Amino acid sequence: MRHVIIGAGPAGVTAAETLRKQDPAAEVVLIGDEPEPAYSRMAIPYYLSNKIGERGTYLRHDPDHLDKLGIGQIQSRVTRVDGAAKQLQLAGKDPVGFDRLLLATGSNPIKPPIQGLDQPGVHHCWTLEDARNIVKYAEPGSRVVLMGAGFIGCIIMEALVARGVKLTVVEMGDRMVPRMMDQASGNLIKQWCLGKGVDVHTSTRVLGVETSNSGGVRFRLTCDPVDAIDADLVVVAAGVKPATGYLDGSGIEIGQGVVVNDFLESSVPGIYAAGDTCEGMDWGTGQRAVHAIQPVAAETGRTAALNMCGRPTRHTGSMAMNVLDTLGLISVSYGQWMGVDGGDEVHRIDESAYRYIKLQFQEDRLVGAITLGMTEHVGVLRGLIQTRLPLGRWKQHLMEDPTRIMEAYLGAAQLTAG
C-alpha cells in the first residue's frame, strides 16, 4: 500500500506520522513544495518578532524526524491529480503513483486586485521566505503599511510592533477582525491599537501602490477615503483561501475547499482531504465550512489517515474557534458568535477597561460567544458550547449576568446529573 500526502504542514505531517504508526508496512510519501523542513505558518510571527529562530518554526524539533520514521519526502509542486489513473504530475520530476492520497495543501494568501502589489518590497507574510524578506526592511523606525486587520493580519501586526516599526494598518472592513469579532468588540480592538501607537484605518481601501523616489519615500499608497500613506515596506494580509487550483480537471468536487464526507473522503474514492484544504462539516451549524486553524488541521490529518489505512473513523465536525492576542489584548470567539435565527443574546461591555462579553443561545443551550479582555473561564465557555449542555434555569442567570459562566456550568451540570 502506498499512501501519498500532498502538503507538509500540520495536517500532512500529523497524517504521515499516524499512517506510519497504524500501518508500519505501508509506504508513506510526503510531498511539499518548500525547501525547509516542515514548519508551522502560525510560528512565523514569532520569528519576525525575534522570539524564535527559523528552527523554532519547525513542526518537529529534529529536522530528520520524518526520515527516521521511514517517511519518504519529495520537494516539488504538484501540478495535476489524475484520480482515475491514481497518479500525480509534478513540476520537474517524474510522475508519482498512489493507492491512497491525502490532499493537505493548506491555503494560499489572497492577492487583492490592486495595482503595484507585484513589485519588490511588497510582501505577503505566508512563508518563511516571505518572513526573511520582511525582516530585511522592517527595521526600527521604518514605515510599514499592513494591508488587512483580520486574524492573520493582527498576528503579523504584533510581530511588526515588536520590531519597533512605525506601523499603519489599513482594513477595508468596518472594524478590526471582522470575521471573528462583532462591531463593538472589533472597534474596541481598534481603540486599543491606537492607544499603543499603531495608526489604524478601517473602512479604507488601498487603491494603488506606487514607487516613489522623492524625499526618501519608497512607496506611496493611494487610499480611499484617507490621504496617501508613505511606506518603506508593504505587507499584505488580505486573507487566505484553500489551495485547490492544482485540482482543476481532477474530477474532485470543490466548493470553498475539497468537499468531503463524514470520513474525510472526497468525491473520488481513495482521495481524502484535511486541514485548510478540506471543506468538512461545521459542528455547530451542520453546514459545510472551511476552518483554517491549526488544531483542526492536526485533528483532520489524523482522522483522514486512520480512514486511509482502513480504520473507519467518523469526523463529527469542527467548531469555529479563534483566540487572538492583539498587543496584549486577548479576544476569543467560539461557535455561532453572530447568533442564530430565533435565538437569544446578551452582552456586557466596559469600554474603559476593554472588557466585553457576548453570549448567543438557541433555546437553553449556549451556541456561540465572544469575549474581549476576559481570559477567565474561556475554556469553560468553549466546553458549554461543545457539550451542548442544557442550561435550564441557568440560562436566565446568564441573561442577567453573562459573566457567571463557571456558576452556570457547575449548576447546569448538577441539574443534568440529577
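Atoms considered below: every heavy atom in the structure, side chains included; atoms not considered: hydrogens, waters and symmetry mates. In this chain, residues are counted from 1 in sequence order. Everything quoted here is computed from the prediction, not taken from an experiment.
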Verify the neighbour count for atom [atom1] of [X]: are there more than 12 heavy atoms of other residues, nucleotides or ligands below 6.0 Å?
X	atom1	answer
Arg302	CZ	no
Lys86	NZ	yes
Asp227	CG	no
Met281	CE	yes
Phe263	CZ	yes
Glu34	CD	yes
Gln115	CD	no
Tyr409	OH	no

Can any side-chain N or O of [X] pair as donor or acceptor with the backbone N or O of [Y] at less than 3.5 Å?
X	Y	value
Gln87	Val96	no
Ser76	Ala91	yes
Thr57	Arg55	no
Glu253	Val259	no
Arg2	Gly97	yes
Trp126	Ser107	yes
Arg220	Ala228	no
Arg365	Arg388	yes
Asn322	Met180	no
Arg20	Ala26	yes

Do Leu88 and Leu101 come within less than 4.5 Å of each other through their side chains, counting heavy atoms only?
yes
Tell me the closest heavy-atom pair linking [X] and [Y], and the distance in Å.
X	Y	answer
Ala243	Thr277	O-CG2, 4.2 Å
Thr303	Thr313	CG2-O, 3.6 Å
Arg404	His397	NH1-ND1, 3.7 Å

If I take atom CD1 from residue Ile156 and atom OG from residue Ser49, how far apart are they, to the nearest 0.5 angstrom?
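Output value for this atom pair is 12.0 Å.
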I need the Ile44 CD1 to Thr127 OG1 distance, nearest 0.5 Å.
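Ile44 CD1 to Thr127 OG1: 6.0 Å, rounded to 0.5 Å.
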Tell me which pairs pass ring-ring contact (aromatic ring centres under 6.0 Å, His included) where either residue lies in residues 155-212, with sequence neighbours left out.
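Listed by first then second residue: Trp192-Tyr354.
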Only one of Arg143, Lys136, Lys166 clears salt bridge (charged side-chain N to carboxylate O under 4.0 Å, His left out) with Asp232; which?
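With Asp232 as partner, Arg143, Lys136, Lys166 yield a single salt bridge (charged side-chain N to carboxylate O under 4.0 Å, His left out), made by Arg143.
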